Chemist: 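Pasting a structure here, questions to come.
Since the structure is predicted, the reported quantities are computational estimates derived from the model, not experimental observations. One-based numbering, in listed order, for ligands and for the atoms of each.
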Amino acid sequence: MKKHNFSAGPSILPQEVLQKASEAVVNFNGLNLSLIEISHRSKDFIAVMNNAQALVKELLELPEGYSVLFVQGGASLEFLMTPYNLMKVDGKAAYLDTGAWSSKAIKEAKLFGETVVVASSKDKGYNYIPKGYEVPTDADYIHYTSNNTIFGTQMNEFPGNDVLKVVDMSSDIFSRKLDFSQFDVVYAGAQKNMGPAGTTLVIVKDAVLGKSGRNIPSMLDYQIHAKKDSMFNTPPVFAVYVSMLTLEWLKAKGGVDAIEKANNEKATLLYNEIDNNPSFVGFAAKEDRSKMNVTFNLTDASLKDKFAAICDASGISALNGHRDVGGYRASIYNALPMESVQVLVKAMQDLNK
Ligand SMILES: Cc1ncc(COP(=O)(O)O)c(C=O)c1O
């Protein structure tokens, strides 16, 4: 049976990407060698890294002066790499607390120095994005989580033009058009819209680096990774290659503009069903709803088993909400086809009938 994969991460990748990736594992570029058994310094792999970096720049329309890095350690390592590289000794950083991932980033920043939480939506179980807060102009940077994977909220504005802006974009990068010239560091684990787990994309404005006054260990120093073109040590070759294939797929689809339109259509269909079907209720505040992770609940919890049976019979996979939140979460990332959302909507309608 065809599966409809709503997994929050690692998550659905385009079928053609998986096909090409599997072929490269056996015979890469007709070399009769596997992608994962050749040197990362071979011309064939250097071409992969260069192409992946160029595609990031092209698809996000990055201005001059930014470096594109593929590092390891997941987005979680960026929680400490960002303060290491940007928070001055005796300086301070500002954070917006919009959920579990922001909280984890805040915890790491506190190890480095004064960390100001400018606002939090914890009071309502993180079902909205705080607004109207002040960003301290003497902060070394403000940190945002653009999309809250667990709670299903998404930011549309990134206040604080007087300080550097750092954004964890793990679960919505490449999903919508944004002006990247407003950001100083953007990071994202690959395993949602870009590729398999194992690499983290980091986009850094070169001019902001080298100013923290800290002695940064080499592997945690953005400047070293940038200077070595993400080849300071052995990069995660398979994860970078699959990311490159996914970015090629996105480009062929018409790029970020085209995928944003498709993502809007998928999200509109699903939220309309949640709002009009009396068996379901949305979790996130309407104006802050995520177009990547759609969170909702049953209005009558006793229908849980019935809905599970309908979902199973429809091939719907990984719809359960995060263990901290419960309910349901449909992750409708770039590679998820409209057909899968239509199948989910039909399952919701069948339950209501
Ligand atoms: C928004 C966000 N930030 C950070 C992380 C942590 O990423 P990783 O597991 O790559 O460290 C996740 C994982 O789902 C996430 O969704």
Chemist: If you apply the rule salt bridge (Lys or Arg N to Asp or Glu O under 4.0 Å), what do you find for Asp300 with Lys306, and how did you get there?
Modeler: CA-CA 11 Å; Asp300 174 358; Lys306 198 160 236 172; over 6 Å; no
Chemist: Does the side chain of Tyr333 pick up a donor-acceptor pair with the side chain of Asn263 at under 3.5 Å?
Modeler: no
Chemist: Counting non-hydrogen protein atoms only, what is the nearest one to atom 11 (O) of ligand 1? Give residue, atom name and distance.
Modeler: Ser76 OG, 2.6 Å
Chemist: Say whether Asn5 and Ser11, considering side chains only, have a donor N or O and an acceptor N or O under 3.5 Å apart.
Modeler: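 No, Ser11 and Asn5 have no side-chain donor paired with an acceptor closer than 3.5 Å.
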Chemist: List ligand 1 atoms under 4.0 Å from Ala75, heavy atoms only on the residue side.
Modeler: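 The atoms of ligand 1 under 4.0 Å from a heavy atom of Ala75 are 4 (C), 5 (C), 6 (C), 7 (O), 8 (P), 10 (O), 11 (O).
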Chemist: If we only consider heavy atoms of Gln191, is any one of them less than 4.0 Å away from an atom in ligand 1?
Modeler: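 Yes; Gln191 lies near enough to ligand 1 that a heavy-atom distance drops under 4.0 Å.
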Chemist: Pull out every atom of ligand 1 sitting under 4.0 Å from any heavy atom of Phe79, numbered as shown with elements.
Modeler: 4 (C)
Chemist: Might you work through the side chain to side chain donor-acceptor pair (under 3.5 Å) test for Asp172 and Ser146, ending with a clear yes or no?
Modeler: CA-CA 7 Å; Asp172 66 349; Ser146 57; 2.6 Å; yes
Chemist: Report yes or no: does Lys192 have a heavy atom closer than 4.0 Å to ligand 1?
Modeler: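 Per 4.0 Å heavy-atom rule, Lys192 contacts ligand 1.
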Chemist: Taking 4.0 angstrom as the limit and counting only heavy atoms of Ser170, give me the atoms of ligand 1 inside it, by number and element.
Modeler: 1 (C), 2 (C), 3 (N), 4 (C), 15 (C)
Chemist: Using a distance-only test with no angle check, is there a side-chain donor-acceptor pair under 3.5 angstrom linking Glu287 and Asn156?
Modeler: no
Chemist: Any nitrogen or oxygen of Asp168, main chain or side chain, under 3.5 Å from a nitrogen or oxygen of ligand 1?
Modeler: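 Yes, since at least one N or O of Asp168 sits under 3.5 Å from an N or O of ligand 1.
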Chemist: Can a donor-acceptor pair be found between the side chains of Thr153 and Asp288 at a distance below 3.5 Å?
Modeler: no
Chemist: Looking only at the side chains, is there a donor atom on one of Gln15 and Gln19 sitting less than 3.5 Å from an acceptor on the other?
Modeler: no
Chemist: Applying ring-ring contact (aromatic ring centres under 6.0 Å, His included) to Tyr84 and Phe79, what does each step give before you reach the verdict?
Modeler: CA-CA 9 Å; Tyr84 230 142; Phe79 297 162; over 10 Å; no
Chemist: Need the ligand 1 atom indices (1-based, order shown) with element for anything under 4.0 Å from a heavy-atom of Asn147.
Modeler: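 Selected atoms, number and element: 1 (C).
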Chemist: Which atoms from ligand 1 have a heavy atom of Gly74 less than 4.0 Å away?
Modeler: 10 (O), 11 (O)
Chemist: Note the single closest protein heavy atom to atom 1 (C) of ligand 1, along with its residue, its atom name and the distance in Å.
Modeler: Thr149 OG1, 3.4 Å
Chemist: May I ask you to check whether Thr145 has an N/O atom sitting below 3.5 Å from an N/O atom of ligand 1?
Modeler: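 No.
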Chemist: Which protein non-hydrogen atom lies closest to atom 12 (C) of ligand 1, naming both residue and atom, and how far is it?
Modeler: Trp101 CE2, 3.4 Å
